[in-house]
Enquirer: 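Can you keep this structure in mind? I'll have questions shortly.
Remember, it's a predicted structure, so these values are computed and weren't measured experimentally.
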Amino acid sequence: MKDIDEKDILPFSLEHNFWTWSAQKKVHPIPVVRSKGVFFWDESGKRYLDFNSTVMNVNIGHSDERVIQAMIDQLRELPFAGPGMATKPRALLGKRLAEITPSGLTKFLYTLGGADANENAIKLARARTGKFKILARYRSYHGATHGAAAATGDPRRTAWEPMVMPGVVHFLDPYRYRSSFHMEKPEISDAEFTRDYLRHLEEIIEYEDPATIAAVMIETVTGTNGILIPPQGYLEGVRAICDKNGLLLICDEVMSGFGRTGEWFAVDHWKVKPDIMTMAKGLTSGYAPLGAVAMTENVASTFNERVFEGGLTYNGHPVSLAAAIAVIDVMKQDGLVTRAKKMGETMEEMLTELADRHPSIGEVRSIGLFACLELVKNRKTREAISPYGRTNPAMTAFRQKCLDQGLFLYTHWQNVLILPPLIITEDELAEGVRILDSALTIVDSSISV
Ligand SMILES: Cc1ncc(COP(=O)(O)O)c(C=O)c1O
């Protein structure tokens, strides 16, 4: 874009934009001007290593020419078509998605992102079952629109309460490091741990009455709330409980999908088949806005004769669909799912080594290139470095030090998330981990032990 000097990007942007997730007087946006691979650059020429795939979405890396070209080709051929029209990218994307999603998910409804994918998932589950309650977990995020925020468990819901969508009931996450049930019994086996959390879910279902519950909705591997990986048997157990009680299972794979965990979708690790699966982010790797709701024939058939009263002007936007097709093709060509699994193991080793040197790291959790360092004041008591829902000066200083040294990453209260693009090399990982190593000294020196 030629009609603005790069040095004006920041002042002009600050003048007229209202920023999300921010106090307006306290924003410090990075004036980004270009990106390539695992890096982006600001207007001063400073390079950032992107350890968060920007918004946990640029899975294939930045500025891949193959995707850009596919989008340009689509713009030239047909820049727009209405939601009720059949187009080449619509014809092709459904086939691609059916190939990579768990068998049984055969129909795809397109949205603009993750939140509206979850909104539609809730509508579909309610329509299919004729019931209205949605059981979701406390340590979850499902999006910022009203229904998705009502399903969200964390403070991104409570900040806006009362929510307009009734019928959401929250339950506890199987979060081993902070399990209320097992504080005094940390040595409990995985099987017992899983059993206790499945019992907890069953108890809630009983109190709420299965005849009123449409679905259980979970992030398959929890994202921003700290990379919580389901313990052995948990996901299969949730599936069985849903089947027994006539509930649908909605898996939110907005963040955990598209190779992030070392499988196409996180559910693949446990071979669990949801009735509805939502996706966004990695679907286009950020090259265009797009979300999707994958559903079984059983769910879709609710609307064989009955009208699905819902839609969006930009449902199935041809350029977004073309981007998604190109992204899936790039992922296949470059073997990025397998690569994520392999590099994920390397990353886990590096992070575990980091934990040996830094007393502030309470736990490392990781699956594929989806990892988290949970920072604590005290490893024995596991007291988190920042209280639930808040940050603290040491975390703020830690993140700033990372940014100063050219490492872009996301921190969420006591958690440092690490989700680089799936194309990252071992040397690039090591570069980021060296910066983490130096910045973590700030957190170490803020704690007592
Ligand atoms: C698990 C999960 N679900 C839903 C969303 C919402 O997606 P979007 O921001 O595209 O609406 C997010 C976004 O971070 C997410 O992580």
Enquirer: Any donor-acceptor pair under 3.5 Å linking the side-chain atoms of Ser189 with those of Glu192?
Expert: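 There is such a pair (donor and acceptor under 3.5 Å, judged by atom type) between the side chains of Glu192 and Ser189.
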Enquirer: Classify the side-chain pair Thr425/Glu428 by whether it contains a donor and acceptor separated by less than 3.5 Å.
Expert: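 Yes, side-chain donor-acceptor contact under 3.5 Å.
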Enquirer: Distance alone, cut at 3.5 Å: any donor-acceptor contact between the side chains of Arg379 and Ser360?
Expert: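 Side chains of Arg379 and Ser360: no pair found under 3.5 Å.
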Enquirer: Please determine whether a side-chain nitrogen of the Lys or Arg among Asp209 and Lys133 lies less than 4.0 Å from a carboxylate oxygen of the Asp or Glu.
Expert: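 Judged by the 4.0 Å cut-off on N to carboxylate O distance, Asp209 and Lys133 do not form a salt bridge.
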Enquirer: Which value, rounded to the nearest 0.5 Å, describes the distance between Leu419 atom CG and Ser53 atom OG?
Expert: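 Reported to 0.5 Å precision, the distance equals 6.0 Å.
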Enquirer: Does Gln74 reach the main-chain N or O of Leu78 with its side chain, forming a donor-acceptor pair under 3.5 Å?
Expert: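 Pair found, side chain donor or acceptor close to backbone of Leu78.
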Enquirer: Is Arg357 salt-bridged to Asp437, going by a charged N under 4.0 Å from an acidic O?
Expert: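 Salt bridge flag = yes for Asp437 with Arg357.
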Enquirer: Any cation-pi pair here, Arg47 with Trp41, using under 6.0 Å and within 45°?
Expert: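 The answer is no; the distance or angle limit is not met.
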Enquirer: Using 30° and 60° as the class limits, which term best fits the ring planes of His317 and Phe80: parallel, tilted or perpendicular?
Expert: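 Tilted.
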Enquirer: With the threshold set at 4.0 Å, does a side-chain nitrogen-carboxylate oxygen contact exist between Asp334 and Arg66?
Expert: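 A salt bridge is present here (some side-chain N lies under 4.0 Å from a carboxylate O).
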Enquirer: Other residues, nucleotides and ligands only: do more than 12 of their heavy atoms fall within 6.0 Å of CH2 on Trp19?
Expert: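 Yes.
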Enquirer: Under the 6.0 Å and 45° cation-pi test, does Arg126 pair with Phe132?
Expert: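 Not flagged: Arg126 not positioned over aromatic ring of Phe132.
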Enquirer: Is any NZ, NE, NH1 or NH2 atom of the basic residue among Arg239 and Asp275 found under 4.0 Å from an Asp or Glu carboxylate oxygen of the other?
Expert: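 A salt bridge is present here (some side-chain N lies under 4.0 Å from a carboxylate O).
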Enquirer: To the nearest 0.5 Å, what is the distance between CG (Asp427) and CG (Leu429)?
Expert: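 Rounded to the nearest 0.5 Å, the CG-CG separation comes to 9.0 Å.
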Enquirer: Are Phe51 and Tyr410 near enough that their ring centres are under 6.0 Å apart?
Expert: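 When the ring centroids of Phe51 and Tyr410 are compared, they turn out to be at least 6.0 Å apart.
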Enquirer: Using atom types as modelled and distance alone, determine if a side-chain donor or acceptor of Thr220 lies under 3.5 Å from a backbone N or O of Val267.
Expert: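 No, Thr220 side chain to Val267 backbone: no donor-acceptor pair under 3.5 Å.
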Enquirer: Between Ser386 and Gln414, is any side-chain donor less than 3.5 angstrom from a side-chain acceptor?
Expert: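 No.
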Enquirer: Is the centre of the Phe39 ring less than 6.0 Å from the centre of the His62 ring?
Expert: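 Not under 6.0 Å, so no.
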Enquirer: Going by atom types only, do Asn315 and Arg90 share a side-chain donor-acceptor pair under 3.5 Å?
Expert: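 Per modelled atom types, Asn315 and Arg90 side chains form a pair under 3.5 Å.
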Enquirer: When the ring centroid of His200 is compared with that of Phe181, is the distance short of 6.0 Å?
Expert: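 When the ring centroids of His200 and Phe181 are compared, they turn out to be within the sub-6.0 Å range.
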Enquirer: Got a salt bridge between Glu374 and Arg382, using NZ or NE/NH1/NH2 to carboxylate O under 4.0 Å?
Expert: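 So Glu374 does not pair with Arg382 through a salt bridge.
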Enquirer: Between Glu161 and Arg157, does at least one N-O distance fall below 4.0 Å, as a salt bridge requires?
Expert: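 The answer is yes: the pair qualifies as a salt bridge.
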Enquirer: With distance as the sole criterion, is a donor-acceptor pair present between the side chains of Thr54 and Asp50 under 3.5 Å?
Expert: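 Per modelled atom types, Thr54 and Asp50 side chains form a pair under 3.5 Å.
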Enquirer: Think Arg365 forms a cation-pi with Phe370, using NZ or CZ under 6.0 Å from the six-ring centre and within 45 degrees of its axis?
Expert: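 No cation-pi geometry.
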Enquirer: Can you tell me how the ring of Tyr48 sits relative to the ring of Phe408, calling it parallel under 30°, perpendicular over 60° and tilted otherwise?
Expert: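 Tyr48 vs Phe408 ring planes: perpendicular.
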Enquirer: Without hydrogens or angle criteria, can the side chains of Arg399 and Thr391 be said to hold a donor-acceptor pair below 3.5 Å?
Expert: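 No, Thr391 and Arg399 have no side-chain donor paired with an acceptor closer than 3.5 Å.
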Enquirer: If you measure from the Lys or Arg side-chain nitrogens to the Asp or Glu carboxylate oxygens, is any gap between Lys271 and Glu236 under 4.0 Å?
Expert: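 No, this pair does not count.
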Enquirer: How many angstroms lie between CG in Leu373 and CD1 in Ile418, if you round to the nearest 0.5 Å?
Expert: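 Rounded to the nearest 0.5 Å, the CG-CD1 separation comes to 4.0 Å.
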Enquirer: Under 6.0 Å between ring centres: does that hold for Tyr197 and Phe171?
Expert: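 So the answer is no for these two rings.
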Enquirer: Hydrogens and angles aside, do His182 and Ser179 bring a side-chain donor and acceptor to less than 3.5 Å of each other?
Expert: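 Side chains of His182 and Ser179: pair found under 3.5 Å.
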Enquirer: Can you check side-chain hydrogen bond (donor to acceptor under 3.5 Å, both in side chains) on Ser256 and Glu253, steps first, answer last?
Expert: CA-CA 5 Å; Ser256 58; Glu253 294 254 359; 2.9 Å; yes
Enquirer: Any side-chain donor paired with an acceptor under 3.5 Å for Asp329 and Gln333?
Expert: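 The criterion, which ignores hydrogens and geometry beyond distance, is not satisfied for Gln333 and Asp329.
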Enquirer: Measuring from atom OG of Ser366 to atom CE of Met350, what distance do you get when rounded to the nearest 0.5 angstrom?
Expert: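 Here the rounded value is 12.0 Å.
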Enquirer: Should Leu436 and Leu409 count as side-chain neighbours, where that means a heavy-atom distance under 4.5 Å?
Expert: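 Yes; the side chains approach each other to less than 4.5 Å.
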Enquirer: Nearest 0.5 Å, please: how far is CZ in Arg128 from CZ in Phe303?
Expert: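 Going from the CZ atom of Phe303 to the CZ atom of Arg128 covers 9.0 Å.
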Enquirer: Under 3.5 Å, is there a donor on one side chain and an acceptor on the other for Asn118 and Thr278?
Expert: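 A pair is found: one side chain offers a donor N or O, the other an acceptor, under 3.5 Å apart.
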Enquirer: Tell me if the CD atom of Glu305 is crowded by more than 12 foreign heavy atoms within 6.0 Å.
Expert: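 Not buried by this count: 12 neighbours or fewer within 6.0 Å.
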Enquirer: How far apart are the C-alpha atoms of Asn57 and Phe258, what are their side-chain angles, what is the distance that settles it, and do they pass the side-chain contact (heavy atoms from CB on, under 4.5 Å) test?
Expert: CA-CA 9 Å; Asn57 59 341; Phe258 290 91; over 6 Å; no
Enquirer: Between Ser140 and Thr152, do the side chains contain an N or O donor and an N or O acceptor separated by less than 3.5 Å?
Expert: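 No, because no side-chain N or O of Ser140 sits under 3.5 Å from a partner of the opposite role on Thr152.
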Enquirer: Does Asn415 use its side chain to pair, donor to acceptor, with the backbone of Thr224 at less than 3.5 Å?
Expert: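 Not at all, since once roles are kept as given, no pair shorter than 3.5 Å links the two residues.
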Enquirer: Decide yes or no on side-chain contact (heavy atoms from CB on, under 4.5 Å) for Asp116 and Thr145, but give the supporting numbers first.
Expert: CA-CA 7 Å; Asp116 49 340; Thr145 52; 5.6 Å; no
Enquirer: Could you give the distance from CG (Leu249) to CD1 (Ile218), rounded to the nearest 0.5 Å?
Expert: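 Going from the CG atom of Leu249 to the CD1 atom of Ile218 covers 5.5 Å.
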